[in-house]
Enquirer: 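This is the structure I want to talk about, given as structure tokens.
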Amino acid sequence: MADTVAITGTQAAEAVADLLDRVVHRGAVVTGDVLISLAGIDLVRLDLRLLLLGIEE
């Protein structure tokens with residue numbers, strides 16, 4: 001039998017905040033492509049690049 005652990009909304013929010021803090025501290029690059037086509041004809045193509053990093057003052 002597997003043990004399950006219930007996570008409250010506050011704990012989940014803290015976990016997400018901690019994860020984002022680690023990602024921004026180390027830096028991350030997120031890339032993606034969006035292609036909109038109609039009847040096999042490409043109409044719009046978007047190449048997306050997002051750089052996340054923290055800046056210390």
Side-chain angles (χ1 to χ4, degrees):
M1 183 188 294
D3 293 331
T4 59
V5 176
I7 298 175
T8 65
T10 304
Q11 289 173 333
E14 289 175 2
V16 170
D18 186 42
L19 176 65
L20 287 175
D21 184 49
R22 288 182 186 184
V23 167
V24 170
H25 179 69
R26 292 184 180 176
V29 176
V30 180
T31 62
D33 297 319
V34 176
L35 181 62
I36 299 173
S37 61
L38 180 64
I41 300 171
D42 297 342
L43 300 175
V44 177
R45 179 180 176 153
L46 300 173
D47 293 324
L48 307 171
R49 290 176 184 83
L50 177 64
L51 175 63
L52 299 172
L53 58 106
I55 299 175
E56 294 183 24
E57 294 182 23

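The chain is numbered in sequence order, starting from 1. FYI, side chains are in, hydrogens and waters are out, and symmetry mates aren't considered; it's all heavy atoms of this structure.
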Enquirer: With a 4.5 Å cut-off on side-chain heavy-atom distances among I, L, V, M, F, W and Y, is there a chain of contacts connecting Val44 to Leu38?
Expert: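 They do share one cluster, since a chain of ILVMFWY contacts under 4.5 Å joins Val44 to Leu38.
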
Enquirer: Answer yes if Leu20 and Leu50 sit in the same cluster of Ile, Leu, Val, Met, Phe, Trp and Tyr residues linked by side chain heavy atoms under 4.5 Å apart, and no otherwise.
Expert: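 No, Leu20 does not connect to Leu50 through the hydrophobic network.
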
Enquirer: Checking side chain to side chain contact (heavy atoms under 4.5 Å, CB included) between Glu14 and each of Val16, Asp18, Thr10, which is the one that passes?
Expert: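 Filter result, single survivor: Thr10.
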
Enquirer: May I ask whether Val29 and Leu46 are part of the same hydrophobic cluster, defined by side-chain heavy atoms of I, L, V, M, F, W, Y residues being less than 4.5 angstrom apart, directly or through others?
Expert: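 Result: no, two separate clusters.
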
Enquirer: Going from CG on Leu35 to CG on Asp47, what distance comes out if it is rounded to the nearest 0.5 angstrom?
Expert: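 Separation between the atoms: 9.5 Å.
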
